Amino acid sequence: MLIYVLRHGITQWNKLKKVQGAMDIPLAPEGIELAKRTGEALKDVPFDICFTSPLARARQTAHYVLGNRQIPVVEDKRIQEIDFGVLEGSRFKDEQGKIISHEMEIFFEEPQKFERPQNGENISDILKRTREFWVEKTTDPALADKTILVSSHGCAVRALLQNVYQDPEHFWHGCVPPNCSINLLEVKDGKARFLEEDKVYSEI
C-alpha cells in the first residue's frame, strides 16, 4: 500500500493568518495554481482511490491533483481539520508573522496543553479520530495493494502521521506541513515507513 498524504493548497484565510479549522474556506487562486502544479508533478502516479476531508479546500485540492483520473473520491470527516470552535475566524498572527493569540501560541508551541475551545476540539480529539481512520484503512485487505491519496489539513495531517512518528512530545514534527506538501508512506505487513516527508513538488 502506498499512501500519499496531502495538505490542501493556500486559502485566503491562510494568507490573512486567520484561524480556519472547520470553517469551509475555498482555495485562493494561488492555492488552485499550487494544486494544479502538484497534480502535474504527480500525473504518473496510478492512484486507485482518494479519501478527502469534506471541507472544500481539501476536496478542491484533491480534484486538481487527480486531474482526469476516474477513481472513487470518498469524503471522511475523521480527516477533517481540528475544530477551533469560538476561535474560528480570529486573526492569530500580525503583519510580521508574530503570533498574537495566547490560545494559538499554546496550540503551536505546546499543542498537548491546548485547551478545547468552546464548541471545539483539542489535540487528543483529532488524534483519536484520525487514528480510527488510519487503523481502518491500513488494515483493510481490499486496500492492501492500492495507491491512495489522502487530502487533508495541517493539524489533521500531523495527527494522522503520529501513527507513524509515535512521538507525541513533538506533535508538529518540526513545522506545520506546507501547503500542498506530500508525505508518502509505504505500508507493508502492518508496518508503515516514510518514502518522502513534507515534499513540496511545486513552489509559486
Side-chain angles (χ1 to χ4, degrees), residues 3-11 13-14 17-27 31 50-62 73-90 92-93 99 101-140 148-185 187 192 194 197-198:
I3 308 176
Y4 287 74
V5 181
L6 168 70
R7 185 190 173 200
H8 64 78
I10 299 160
T11 70
W13 277 26
N14 287 148
K17 309 301 182 194
K18 285 187 170 186
V19 178
Q20 201 162 219
M23 291 293 280
D24 204 3
I25 310 300
L27 294 179
C50 170
F51 297 103
T52 180
S53 153
L55 297 178
R57 57 192 185 271
R59 288 188 291 106
Q60 285 178 287
T61 303
V73 176
V74 182
E75 293 182 15
D76 196 312
K77 284 196 70 153
R78 292 173 297 181
I79 52 171
Q80 185 169 304
E81 187 57 302
I82 189 170
D83 189 336
F84 287 107
V86 294
L87 299 177
E88 306 242 335
S90 62
F92 69 94
K93 281 186 180 176
I99 296 176
S101 158
H102 177 62
E103 292 94 342
M104 295 306 290
E105 185 174 25
I106 294 170
F107 177 71
F108 288 114
E109 300 297 330
E110 297 183 279
Q112 303 290 2
K113 295 182 180 176
F114 176 70
E115 292 188 10
R116 190 182 289 110
Q118 187 181 339
N119 303 324
E121 295 178 297
N122 64 14
I123 294 296
S124 65
D125 296 326
I126 195 167
L127 283 168
K128 181 174 183 290
R129 59 178 167 85
T130 52
R131 176 160 180 76
E132 286 174 4
F133 172 87
W134 174 264
V135 171
E136 180 184 295
K137 302 310 176 193
T138 57
T139 59
D140 184 347
I148 300 163
L149 180 65
V150 175
S151 187
S152 187
H153 308 261
C155 181
V157 163
R158 284 294 187 249
L160 184 68
L161 295 179
Q162 269 297 328
N163 291 287
V164 189
Y165 303 141
Q166 302 281 316
D167 185 15
E169 289 300 305
H170 301 97
F171 177 83
W172 289 111
H173 203 62
C175 67
V176 177
N179 290 104
C180 278
S181 61
I182 291 275
N183 282 272
L184 173 56
L185 301 112
V187 182
F194 283 98
E197 288 194 63
D198 288 356

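Predicted, not measured: the structure shown is a model, and the values here were computed from it.
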Decide, yes or no, whether a salt bridge links R116 with E121 under the criterion of side-chain N to carboxylate O below 4.0 Å. no

Going from NZ on K128 to CZ on R131, what distance comes out if it is rounded to the nearest 0.5 angstrom? 11.5 Å

Locate the shortest heavy-atom distance separating P117 from L87; write the atom from each residue and the value. CG-CD1, 3.9 Å

Working to the nearest 0.5 angstrom, can you tell me the gap between S53 OG and L6 CG? 11.0 Å

Using side chain to side chain contact (heavy atoms under 4.5 Å, CB included), reason through V157 and S181 one step at a time and then give a plain yes or no. CA-CA 10 Å; V157 163; S181 61; over 6 Å; no

For the ring pair F114 and F108, is the centre-to-centre distance below 6.0 Å? no

E88 (side chain) donor-acceptor with F84 (main chain) under 3.5 angstrom: yes

Full working for side chain to side chain contact (heavy atoms under 4.5 Å, CB included) between F51 and L149: CA-CA 6 Å; F51 297 103; L149 180 65; over 6 Å; no

Please confirm whether the backbone N or O of P177 pairs with a side-chain atom of R7, one donor and one acceptor, at under 3.5 Å? yes

Check whether any side-chain N or O of Q20 sits under 3.5 Å from a backbone N or O of I25 as a donor-acceptor pair, and report yes or no. no

Is T61 close to C180 at the side-chain level, that is, under 4.5 Å between some pair of heavy atoms? yes

Going through the distances and angles, do I148 and K137 end up as a side chain to side chain contact (heavy atoms under 4.5 Å, CB included)? CA-CA 10 Å; I148 300 163; K137 302 310 176 193; 5.7 Å; no

Output the distance between atom OG1 (T138) and atom CD1 (I3), rounded to the nearest 0.5 Å. 6.5 Å

I'd like to know if the side chain of D24 reaches the main chain of A56, judged simply by a donor and an acceptor atom lying under 3.5 Å from each other, with no hydrogens or angles considered. yes

Tell me the closest heavy-atom pair linking A156 and Q80, and the distance in Å. CB-O, 3.7 Å

If the condition is salt bridge (charged side-chain N to carboxylate O under 4.0 Å, His left out), which residues does E109 pass it with, not counting sequence neighbours? none

Please check this pair: side chain of T130 against backbone of I79, looking for a donor-acceptor N/O pair closer than 3.5 Å. no

In terms of side-chain heavy atoms, does E197 have a donor or acceptor partner in H173 at a distance below 3.5 Å? yes

From R158 atom CZ to D198 atom CG, the distance as rounded to the nearest 0.5 Å: 4.0 Å

Any side-chain heavy-atom pair of I123 and F171 under 4.5 Å: yes

Rounded to the nearest 0.5 Å, how far does CD of E81 lie from CD1 of I126? 5.0 Å

Modelled atom types, side-chain donor and acceptor of H8 and S151, under 3.5 Å: no

Centroid separation under 6.0 Å, is that true for the rings of Y165 and W172? no

Is a side-chain donor or acceptor of Q166 paired with a backbone partner of N163 at a separation under 3.5 angstrom? yes

Please examine the side chains of S101 and F107, heavy atoms only from C-beta on, and report whether any two atoms are closer than 4.5 Å. no

Please round to the nearest 0.5 Å and tell me the distance separating atom CG of N122 and atom CD1 of I106. 12.5 Å

Among Q60, E75, H153, which residue meets the side chain to side chain contact (heavy atoms under 4.5 Å, CB included) test with L55? H153

Could you walk me through whether L161 and L185 pass the side chain to side chain contact (heavy atoms under 4.5 Å, CB included) check? CA-CA 10 Å; L161 295 179; L185 301 112; 3.7 Å; yes

Ignoring hydrogens and geometry, is there a side-chain-to-backbone donor-acceptor pair from Q162 to D167 under 3.5 Å? yes

